[in-house]
There are 2 protein chains.
Amino acid sequence: MDNATYQEIARPGQSVEALSTPRPIIDEDRLAANIARAQAYMDAHGLRFRPHIKTHKIPALAAEQCKAGARGINCQKITEAEVFAAAGFQDILITFNILGTEKLERLAALNDRIDDLKVVADSAVTIDGLSATFASRKPLKVLVECDTGAGRCGVQSPQEAVALARRIAEAPGLVFEGLLTYPKPGAYQAVQTFLEEALSRLEAAGMSCPIVSNGGTPSLFEAHLVTAATEHRAGTYIFNDRSMVRAGHCTEDDCAMHVLATVVSRPTPTRAVIDAGSKALTSDLLGFQDYGTVVGYPGAAITALSEEHGVIDLSAAQRGPDIGEKIRIIPNHTCVVSNLFDTMVFHRDGKVTRVEPVAARGLVW
Amino acid sequence: MDNATYQEIARPGQSVEALSTPRPIIDEDRLAANIARAQAYMDAHGLRFRPHIKTHKIPALAAEQCKAGARGINCQKITEAEVFAAAGFQDILITFNILGTEKLERLAALNDRIDDLKVVADSAVTIDGLSATFASRKPLKVLVECDTGAGRCGVQSPQEAVALARRIAEAPGLVFEGLLTYPKPGAYQAVQTFLEEALSRLEAAGMSCPIVSNGGTPSLFEAHLVTAATEHRAGTYIFNDRSMVRAGHCTEDDCAMHVLATVVSRPTPTRAVIDAGSKALTSDLLGFQDYGTVVGYPGAAITALSEEHGVIDLSAAQRGPDIGEKIRIIPNHTCVVSNLFDTMVFHRDGKVTRVEPVAARGLVW
């Protein structure tokens, strides 16, 4: 996208209130404070910090995270990693089981292009597929993904972790690089117990384990309690959102992303309709009963979304917004909102500072 | 996007099974049958049919809908309409209250470019804003949006509808063009009653009402029961989805969109994890407890989505898929899936036929 098109979206210095809606906007000062706060915590506890770029998909923001002290980045798919590799990032961890001929070929090509690419595996099938591709190439670093209670991917026991570590170590073209978990928030004791036992078994087997990677924003400020970990990964902390406020990770004033929306209808005294629906806020509830916090209107609840409309119930609100008024919403989940927009507008004190392409959005995998 | 890039996504003739995942794929025969079936019904009942392009956002598909007999198209926002106007569509209804200086200017420019642009309004504020912009321009056609029970936008009574119709008719630069409703599915009697009373009051006031526009795919085959309507709008019918199967509109065999996904992990005997998460399927539940139908695996339930992972519970399934296997999912809601992808791959009997850009995706306004 060229500068002319950017100018059409937002001119530096203009008021964000004049932007077309719906549109997520990022507060530069909150963004910088979120980056600094998490990094200071990691530094204080001697943990390496590896931001997950899925939240923003913007190389310029990853550069700000690394400038603050982050060491390497976390991507969720090869195409994201390709965008960040092209932007100069050399230490990339893809936290996904890579399977299938085409993806493996792209992964190998990416491994050739950057210094330090790493992936995860949680099965012999994944490891054997990786080995078949990398046996005759530059070796690939592989971490064993461990399910410490979140119930997604990962081996179910430390014994299985060690068995897969051994399989990786013995596989042509692969290097066993460590253990990784994406934990259930708050369950640091289960994470610590699992990882400690796996490390002890690896040591007994004479295997070194360079990286032990823990993750998640909800548990970010508990990361130091998992002493078995060498690094922590987190994505959402850079913008924060309503779910992170609920988790106690931050306050509403730490939420750098607001979705700007216009009230387009007031059909009844207790109903307002905005132009932000599921194609702006997404339907992610994350356990909430409604679709975001309406800033400045306590009691207002976004109770229903269709694709381009959000319905706000004002029954419990002291007052409601007028037709034509622009309001701000703190989304339930910021990462999925970023994924809907091709560009992101930033501001400081309500004045536009820059427009960044969401460069890694919309890439199939 | 140029042809070289298209070739990278899919080559005509290749098996869809070889595509990278996650990836929605469209069955050409089901697509054509869905278009033909809805149009034949509308033709049989003498209703004009106005497809809503929000489901696909692809001009080539709207052209197929119009070739089959549709008269004009329905868009939900100005930027969608701009894309379709550029593709040659001349009769476009934007079913949204347009507010704010920038949008009104774009709307006026669009009105200058095509023959027959129409919008809706449900308040004096919207009408007055339109009139202020169009008073000195080519006049704009405006329909009054009526809330016949769906609880979104729209005037609450036939009396209000007539009052707004009069305001439009008297407003410089505006033409009163008719009534519109997006009904609650199945509530055709309420729709008919509302519209009949409004029409009777308009007639008594000596006002003509060229268009009475009803809508929705769930109630598509009940459209003839609303005899007050002159046209019907529908979007989802072109692809269909799990919610339309539940509504009785179609069968699973009429669902033209499948989301192709790869099983990337089988952490336990009752759990499979796929590479389609909320950034491929969306979190739209639409009243379901899970996130889509897993084709060919009865009892398998997609119980949790994170952004790039879907967790399938196999407890109630006779069998589960293997790691590396590609499976197909009928999404709960097809329109929001289209909105996540920059391109759409089509196939016939599993062989790729074409790749279309989702041209109107990601446009803020």
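Convention: sequence-line order gives letters A, B, ...; per-chain numbering from 1.
- In terms of heavy-atom pairs under 4.5 Å with chain B, the best-connected choice from A:C335, A:G362, A:G154, A:G310 is A:C335.
- Taking CG of A:D284 as the reference point, atom CG of B:L305 lies at 8.5 Å (rounded to 0.5 Å).
- Contact record, A:N339 with B:L340: ND2-CD2, 3.8 Å, taken as the closest heavy-atom pair.
- The side chain to side chain contact (heavy atoms under 4.5 Å, CB included) test with A:Q76 is passed by exactly one of B:H309, B:K279, B:E307: B:H309.
- Neither the backbone nor the side chain of B:V358 comes within contact range of chain A; no heavy atoms are under 4.5 Å apart.
- Contacts of A:V264 with chain B are made by both backbone and side-chain atoms, with heavy-atom separations under 4.5 Å.
- Taken to the nearest 0.5 Å, the CG atom of B:L285 stands 7.5 Å off from the CG atom of A:L285.
- Looking only at heavy-atom pairs under 4.5 Å with chain B, the residue among A:Q156, A:R23, A:R152 that has the most is A:R152.
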Q: Please report the C-alpha distance between B:T282 and A:T282 in whole Å, then the side-chain angles of each, then the deciding distance to 0.1 Å, and finally whether the side-chain contact (heavy atoms from CB on, under 4.5 Å) criterion is met.
A: CA-CA 7 Å; B:T282 85; A:T282 86; over 6 Å; no

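- For A:A304, no part lies under 4.5 angstrom from a heavy atom of chain B.
- Ranked by heavy-atom pairs under 4.5 Å with chain A, the list B:A121, B:G151, B:S306, B:A280 is led by B:G151.
- Listed here is the closest heavy atom pair of B:E102 and A:A18: OE1-O, 4.1 Å.
- The part of B:S278 that comes within reach of chain A is its side chain, from C-beta onward, which places non-hydrogen atoms under 4.5 angstrom from that chain.
- Chain A is approached within less than 4.5 Å, heavy atom to heavy atom, by B:S123, B:V125, B:T126 from residues 123-132 of chain B, ordered by number.
- When all heavy atoms of B:C153 and A:P267 are compared, the closest pair comes out as CA-CG, 4.0 Å.
- Residue contact with chain A, scored on non-hydrogen atoms closer than 4.5 Å, involves the side chain of B:R271 exclusively.
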**Q.** salt bridge (charged side-chain N to carboxylate O under 4.0 Å, His left out) between A:R361 and B:D342, worked out
**A.** CA-CA 9 Å; A:R361 197 218 69 78; B:D342 292 342; 2.4 Å; yes

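- Judged purely by distance below 3.5 Å, without hydrogens or angles, the side chains of B:S265 and A:D122 pair a donor atom with an acceptor atom.
- In this structure, a donor-acceptor pair under 3.5 Å is absent between the side chains of A:K103 and B:T262.
- Taken to the nearest 0.5 Å, the CD1 atom of A:I98 stands 9.0 Å off from the CG atom of B:D275.
- Both the backbone and the side chain of B:E308 have a heavy atom closer than 4.5 Å to some heavy atom of chain A.
- Contact of B:E325 with chain A is not made at all, since no heavy-atom distance falls under 4.5 Å.
- Contact count versus chain B (heavy atoms, under 4.5 Å) is highest, among A:S283, A:A272, A:G100, for A:S283.
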